[in-house]
Amino acid sequence: MTVMNVRRRHISTVALTAVAALGFGTLTACSSDSAAAGDTGTFDVVASFYPMAFLAERIGGEHVHVTSLTQPGQEPHDLEISARQTAQLEEADAALYLKGLQPSVDEAIGQSPIATKIDAAELTALEEHGTEAGHGEEHGDGHEDEHGHEDEQAHEDEHGHDHDHEGGDPHIWLDPVKYAKVAEGVGKAFQKADPDHAADYRKNTATLVKDLEALDEKFRTGLANRTTDVFVTSHAAFGYLAERYGLTEEAISGLDPDTEPSGARVKELQKIAKDDGVTTVFYETLVSDKTAKTLAGDTGLKTDVLDPVEGITDHSRGEDYFQVMEANLTALRTALGAR
């Protein structure tokens, strides 16, 4: 299957790519048990976790061999690069990652001789999000806003360590418009690195971007008529999605899903739930649901899954990014009373 998680970092924007030959299936060659990069006769791409591996597969199509460093169900932050993975990196033609999410990946890629290093954090603007995000502020016309965020990376140390995400919220793939910007940048990088197949990469990128635009429209129309704007999640992964569609995310924890909420935060959420007509507390497939279910039980609310698509497992509501995002839309529509 595929891989997982990511959280964190900076940027400006660019690009365009997609997929013709693959459709929406699961990644075909992105487990770390795949053949070692470099021996396939194709354009070998090492991706750091699922959202990056998915882009590489969709954009590269039949011309790429994708190896993911993060296995399905594995917490990406905890990934430590093995000697075998270091060797894969040394043999690869390109590395696709999100700098600041996985320090060991950043270090390994930084030290590797790979000619093409694609940092997704360089391809769209990151913003600051906390336990409350969105505030009903839509991006409007779908164009990327800058807000002066390009210097946010200055908050990181030299190794890219940013477990508190001072440099910005990394969950850019949960906003289809931002994810499309990243896809465009990846497509351009593939075209430059493997010019013999540039036309296919350009075509695949365009297809993927259109699919993401269609997903964006589904969210816009699907959430248009709702009874509340507020939703409660286990951790603050959905800030970009909330902003894009005029919602407000209230998270039990911050950007780090392992952070325990304070008693004051729990009481605040109980009040928010009552005042804003919240019906549901969302939890994730890859993180413990204990806190979310405790809060729901204390407030008489329902629970449901809202998946940050950090990895695809047997418990995921779909086999790839698009299927899981559509499942998320269905869950949000129910929770927000959309008609």
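- Judged as a salt bridge (Lys or Arg N to Asp or Glu O under 4.0 Å), the pairs with a partner in residues 323-334 (not counting sequence neighbours) are, in order, Lys218-Glu326.
- The main-chain N or O of Asp44 is found under 3.5 Å from a side-chain atom of Asp93 such that the two form a donor-acceptor pair.
- Classification of Arg244 and Asp216 as a salt-bridged pair fails, no side-chain N sitting under 4.0 Å from a carboxylate O.
- Residues Ala237 and Leu174 approach most closely at O-CD1, 3.2 Å, considering heavy atoms.
- The residues Arg58 and Asp320 are annotated as not salt-bridged, no charged nitrogen and carboxylate oxygen being separated by less than 4.0 angstrom.
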Would Leu123 and Lys181 satisfy side chain to side chain contact (heavy atoms under 4.5 Å, CB included), going step by step from the backbone distance to the final call? CA-CA 7 Å; Leu123 302 176; Lys181 290 290 184 183; 5.9 Å; no

Pair Ser112, Glu90 - check side-chain hydrogen bond (donor to acceptor under 3.5 Å, both in side chains), show working. CA-CA 6 Å; Ser112 76; Glu90 301 216 344; over 6 Å; no

Check the pair Leu223, Leu329 against side chain to side chain contact (heavy atoms under 4.5 Å, CB included), reporting the backbone distance first and the verdict last. CA-CA 8 Å; Leu223 297 173; Leu329 174 57; 3.8 Å; yes

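- Nearest approach of Arg317 to Ala331, heavy atoms of both residues: NH1-CB, 4.4 Å.
- Side-chain N or O atoms of Asn225 include none that pairs as donor or acceptor with a backbone N or O of Ala338 at under 3.5 Å.
- The heavy-atom pair separating Val45 from Ala56 by the smallest distance is CG1-CB, 4.1 Å.
- Contacts classified as salt bridge (Lys or Arg N to Asp or Glu O under 4.0 Å) and involving residues 271-283 (residues at least two apart or in different chains) are given here: Lys271-Asp275.
- Shown here are the side chain to side chain contact (heavy atoms under 4.5 Å, CB included) partners of Ala108, two or more places apart in sequence or in another chain: Ile81, Leu89.
- Side-chain contact check for Phe54 versus Phe49: every heavy-atom pair is 4.5 Å or farther apart.
- Distance OH/Tyr201 to CG/Asp194: 3.5 Å, rounded to 0.5 Å.
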Would you sort out whether Asp211 and Thr207 count as a side chain to side chain contact (heavy atoms under 4.5 Å, CB included), showing the intermediate values? CA-CA 6 Å; Asp211 291 339; Thr207 301; 4.0 Å; yes

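- Contact check for Val230 versus Glu250: side-chain heavy atoms found under the 4.5 Å cut-off.
- With sequence neighbours left out, Ala198 forms a side chain to side chain contact (heavy atoms under 4.5 Å, CB included) with Gln191, Arg202.
- Side-chain rings of Tyr321 and Tyr179 approach one another, their centers coming within less than 6.0 Å.
- Considering only heavy atoms from C-beta on, Tyr283 comes within 4.5 Å of Val305 through its side chain.
- Between Val278 and Ile272, the shortest heavy-atom distance links the atoms CG2-O, 4.2 Å.
- Rounding to the nearest 0.5 angstrom, the gap separating the OG1 atom in Thr116 from the NZ atom in Lys192 is 8.0 Å.
- Residue Asp106 holds its CG atom at 8.5 Å from OG of Ser48, rounded to the nearest 0.5 Å.
- Residues forming a side chain to side chain contact (heavy atoms under 4.5 Å, CB included) with Thr334 (at least two apart in sequence, or on another chain): none.
- Between Met325 and Leu241 there is a side-chain heavy-atom pair separated by less than 4.5 Å.
- Atoms CZ and CD1, from Phe190 and Ile59 in turn, are 6.0 Å apart once rounded to the nearest 0.5 Å.
- Residues Ser316 and Asp307 are in side-chain contact: their nearest non-hydrogen atoms beyond the backbone lie under 4.5 Å apart.
- Of the candidates Phe219, Phe231, Phe238, Tyr240, Phe219 is the only one forming a ring-ring contact (aromatic ring centres under 6.0 Å, His included) with Tyr245.
- Between Asp119 and Lys99 there is no salt bridge, since no side-chain nitrogen of the basic residue lies less than 4.0 Å from a carboxylate oxygen of the acidic one.
- Put simply, the side chain of Gln323 gets close to the backbone of Glu319: a donor and an acceptor are under 3.5 Å apart.
- Under the 3.5 Å distance criterion, the side-chain polar atoms of Lys117 are matched with a main-chain donor or acceptor of Ile109.
- At distances below 3.5 Å, not a single donor-acceptor pair connects side-chain atoms of Lys178 with backbone N or O atoms of Thr124.
- Atoms CE and CD, on Met52 and Glu57 in that order, are 13.5 Å from each other to the nearest 0.5 Å.
- Between the CG atom in Leu247 and the CG atom in Asp229 there is a gap of 6.0 Å [rounded to 0.5 Å].
- A side-chain N or O of Glu249 and one of Thr233 form a donor-acceptor pair less than 3.5 Å apart.
- Considering all non-hydrogen atoms of both residues, Ile114 and Ala94 come closest at CG2-CA, 3.7 Å.
- Contact annotation: the side chain of Leu269 never approaches that of Val281 to less than 4.5 Å [non-hydrogen atoms, C-beta and beyond].
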Dump the intermediate steps for side chain to side chain contact (heavy atoms under 4.5 Å, CB included) on Val186 and Leu96, then the final yes or no. CA-CA 8 Å; Val186 172; Leu96 176 56; 3.7 Å; yes

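- Listed for the Thr67 side chain is no donor-acceptor partner under 3.5 Å among the backbone atoms of Val46.
- Under the 30°/60° scheme for interplanar angles, the aromatic rings of His63 and His197 are found to lie parallel.
- The side-chain heavy atoms of Thr42 and Val64, taken from C-beta on, include no pair separated by under 4.5 Å.
- Glu107 contributes no side-chain N or O that, together with a main-chain N or O of Ser104, makes up a donor-acceptor pair within less than 3.5 Å.
- Looking only at distances, no side-chain donor or acceptor of Thr280 sits under 3.5 Å from a matching main-chain atom of Thr303.
- When all heavy atoms of Leu101 and Pro103 are compared, the pair lying nearest together is O-CD, 3.7 Å.
- A search for side chain to side chain contact (heavy atoms under 4.5 Å, CB included) contacts involving Thr221 returns Glu217, not counting sequence neighbours.
- Distance alone, capped at 3.5 Å, is enough to place a donor-acceptor pair between the Trp173 side chain and the Pro308 backbone.
- Taking the side chain as every heavy atom from C-beta outward, Phe322 and Leu208 approach each other to under 4.5 Å.
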